[in-house]
Number of protein chains: 2
Amino acid sequence: MSLKRLVPRMDESESRAWLGLTGVLQLLPGALETQLQRDAGLTHFEFVVLSALRFAPDSTMRMSALAAATDSTLTRLSHVCSRLEKRDLVERSSSPGDKRATDVRLSSHGRRELILATPAHIASVRRLVIDALTPEQLESLANVTETILAQLTDGTHCETALTRDPASPSEPAG
Amino acid sequence: MSLKRLVPRMDESESRAWLGLTGVLQLLPGALETQLQRDAGLTHFEFVVLSALRFAPDSTMRMSALAAATDSTLTRLSHVCSRLEKRDLVERSSSPGDKRATDVRLSSHGRRELILATPAHIASVRRLVIDALTPEQLESLANVTETILAQLTDGTHCETALTRDPASPSEPAG
DNA sequence: CTCCAATTATTGATGCGTCAAGTTACGACC
DNA sequence: GGTCGTAACTTGACGCATCAATAATTGGAG
């Protein structure tokens, strides 16, 4: 199911592009999650967190810095680090300089697990995306995704359609 | 953060493509969710479900048919329909022909809400993706996503690494 | 020095998605 | 006409994400 029927004005090319993109949006994250989970028992986000720590000096970062590095939230990261700590993949300690802050460190066990997990994940990425595309397609993909990202991070949000009562977003009786 | 540092062999074009794709994967679904939630109080999946019903004969489908039409699961759909039913957006009734089956129907209230929600959502899709791309880019996007989808739905899964391959290149001190 | 606003992080509640089990109904076989 | 296997859903439990509220600490204004 898609928006195809909702958008009669969508021409053939637009329709194909949109259907393809939504398909990838639905399937690719799941495929990567599945592979990582099966091979390493890690969430993709956990993998990203551990990988960020791996290349940090002393394998250590502040929570807030790690949240920024992983495009995440402090809240989310805190929950995830709690779980990772229970599994002895990271260690948390109060930061010496600023006692509000806490430093997260990749444990040696975490490093081992991460190093074991990485090759298979990279292989998946290559198999599913990179090696499946020609150099020209890769160039196009880079080009197109950068354009879309520009839209997504563009400050000028048109605030499309609050033609309805803004106070009650879901309950206005027609 | 990305895999860039993990894949020294990744050339410039590959790296740009992968970074762009992961960026879109992270941001686009959230952007669409946010818009729909704000303007209509609907999840994207709820929107898809209601839209599927909208164009069905008598605005009615069997659960299993609706699950298939929305690329979903019976379980997921059941939960979602329970919530939608509480909000009077759909109605469920035992199917006359087969008493195991249940028919879901878009209520008139649901139809009104859906019709109010649709234009803004389409506008978002156009603004964020379709209208932002040139015809050539749209063609490329269709082309590339179809290639990736072919990989994703390809039966030949290489079973990448149950054999834990310690072929890891670099290793900073810890 | 003290008070207060801002920074940093954690916790608890809630919502959605998935998995495993359970329930009801159909169909066919003996 | 029982009962056995299967189909169509539903339910409950658990995991992860987000939001709102809280705690602890810092830095600066007076």
Side-chain angles (χ1 to χ4, degrees), chain A residues 25-27 29-38 40-50 60-87 89-105 169-170, chain B residues 25-27 29-38 40-50 60-87 89-105:
Chain A
L25 252 46
Q26 277 195 347
L27 296 182
L32 294 176
E33 288 288 335
T34 300
Q35 176 271 318
L36 263 174
Q37 194 65 46
R38 189 195 56 195
L42 289 176
T43 296
H44 178 69
F45 180 64
E46 290 171 341
F47 180 85
V48 169
V49 167
L50 296 180
T60 301
M61 285 198 215
R62 278 163 93 107
M63 288 293 285
S64 48
L66 187 52
T70 57
D71 290 315
S72 178
T73 312
L74 215 40
T75 297
R76 184 184 184 188
L77 185 63
S78 181
H79 284 302
V80 167
C81 283
S82 295
R83 294 170 218 139
L84 291 177
E85 198 173 26
K86 282 200 189 84
R87 298 164 61 187
L89 297 172
V90 304
E91 297 153 2
R92 275 188 290 193
S93 59
S94 179
S95 181
D98 184 337
K99 287 185 181 170
R100 292 169 300 180
T102 105
D103 290 338
V104 205
R105 184 164 199 276
S170 96
Chain B
L25 252 46
Q26 276 194 348
L27 296 181
L32 295 176
E33 289 287 334
T34 299
Q35 176 272 318
L36 263 175
Q37 195 66 45
R38 188 194 59 194
L42 290 176
T43 296
H44 178 70
F45 182 64
E46 291 171 340
F47 179 85
V48 169
V49 166
L50 296 179
T60 302
M61 285 198 213
R62 277 163 90 109
M63 289 292 285
S64 47
L66 188 51
T70 57
D71 288 317
S72 177
T73 312
L74 215 38
T75 297
R76 183 182 184 189
L77 185 63
S78 181
H79 284 302
V80 167
C81 283
S82 295
R83 295 170 215 140
L84 291 176
E85 198 172 27
K86 284 201 188 83
R87 298 164 61 186
L89 297 173
V90 303
E91 297 152 3
R92 275 188 288 193
S93 58
S94 178
S95 182
D98 184 338
K99 287 184 179 170
R100 291 170 301 179
T102 104
D103 290 337
V104 205
R105 185 164 199 275

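Throughout, protein chains are lettered first and strands after them, A, B, ... in sequence-line order, and every chain is numbered starting at 1.
No side-chain heavy atom of B/Arg76 sits under 4.5 Å from any side-chain heavy atom of B/Val49. Contact of the B/Cys81 side chain with the B/Met63 side chain is registered, since non-hydrogen atoms from C-beta on lie closer than 4.5 Å. Residues B/Thr102 and B/Ser78 are not in side-chain contact: their nearest non-hydrogen atoms beyond the backbone lie 4.5 Å or more apart. Between A/Thr60 and A/Val104 the shortest side-chain heavy-atom distance does not fall below 4.5 Å. B/Leu50 has its side chain within reach of B/Leu84: a pair of non-hydrogen atoms, C-beta onward, lies under 4.5 Å apart. A heavy-atom distance below 4.5 Å is not found between the side chains of B/Val90 and B/Arg105.
How far CD of B/Glu33 is from CZ of B/Phe47: 11.5 Å, rounded to the nearest 0.5 Å. Here the straight-line distance linking atom OG1 of A/Thr75 with atom NE2 of A/His79 works out to 6.5 Å at 0.5 Å rounding.
The distance between atom CE of B/Met63 and atom C1' of D/dT10, rounded to the nearest whole Å, is 9 Å. Across the protein-nucleic acid pair, A/Leu84 atom CG and D/dC16 atom C1' stand 12 Å apart, rounded to whole Å. As rounded to whole Å, 17 Å separates atom C1' of D/dC9 from atom CE of B/Met61. Whole-Å rounding puts the A/Lys86 NZ to D/dC14 C1' distance at 14 Å. For the pair A/Leu42 CG and D/dG15 P, the interatomic distance rounds to 16 Å; values are reported in whole Å. Distance, A/Phe47 CZ to D/dC16 P: 17 Å, rounded to whole Å. One atom, CG of B/Leu77, and another, P of D/dA8, lie 14 Å apart when rounded to the nearest Å. In this structure, B/Glu33 places its CD atom 12 Å from C1' of C/dG15, rounding to the nearest Å.
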Could you spell out the base pairing of DNA chain D as a dot-bracket line? Use Watson-Crick and G-U wobble contacts where both distances are under 3.5 Å, [ ] for crossing pairs, | for partners on a different strand.
||||||||||||||||||||||||||||||
Tabulated below should be each protein N or O lying under 3.5 Å from an N or O of nucleotides 4-7 of chain D; please produce it.
residue, atom, partner, partner atom, Å
D/dA7, O4', B/Arg100, NH1, 3.2

Hey, what are the protein-to-nucleotides 1-4 of chain C N/O distances that come in under 3.5 Å?
none

Would you tabulate the nitrogen or oxygen pairs shorter than 3.5 Å linking the protein to nucleotides 16-20 of chain C?
residue, atom, partner, partner atom, Å
C/dC16, OP2, B/Arg83, NE, 3.4
C/dG17, OP1, B/Arg76, NE, 3.4
C/dG17, OP1, B/Arg76, NH2, 2.6
C/dT18, O4, B/His79, NE2, 3.1

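B/Ser82 meets the side chain to side chain donor-acceptor pair (under 3.5 Å) test with B/Arg92; sequence neighbours excluded. Under the side chain to side chain contact (heavy atoms under 4.5 Å, CB included) criterion, A/Arg100 pairs with A/Asp98, sequence neighbours left out.
Listed for the B/Glu46 side chain is a donor-acceptor partner under 3.5 Å among the backbone atoms of B/Thr43. Under a 3.5 Å cut-off, the side chain of A/Thr70 and the backbone N or O of A/Leu66 do form a donor-acceptor pair.
Judged by closest nucleotide on DNA chain D, B/Ser78 is the one of B/Ser78 and A/Pro96 placed further toward the 5' end.
Counting only heavy atoms from C-beta on, B/Arg62 has its side chain closest to D/dA8 among C/dT11, D/dT26, D/dA8.
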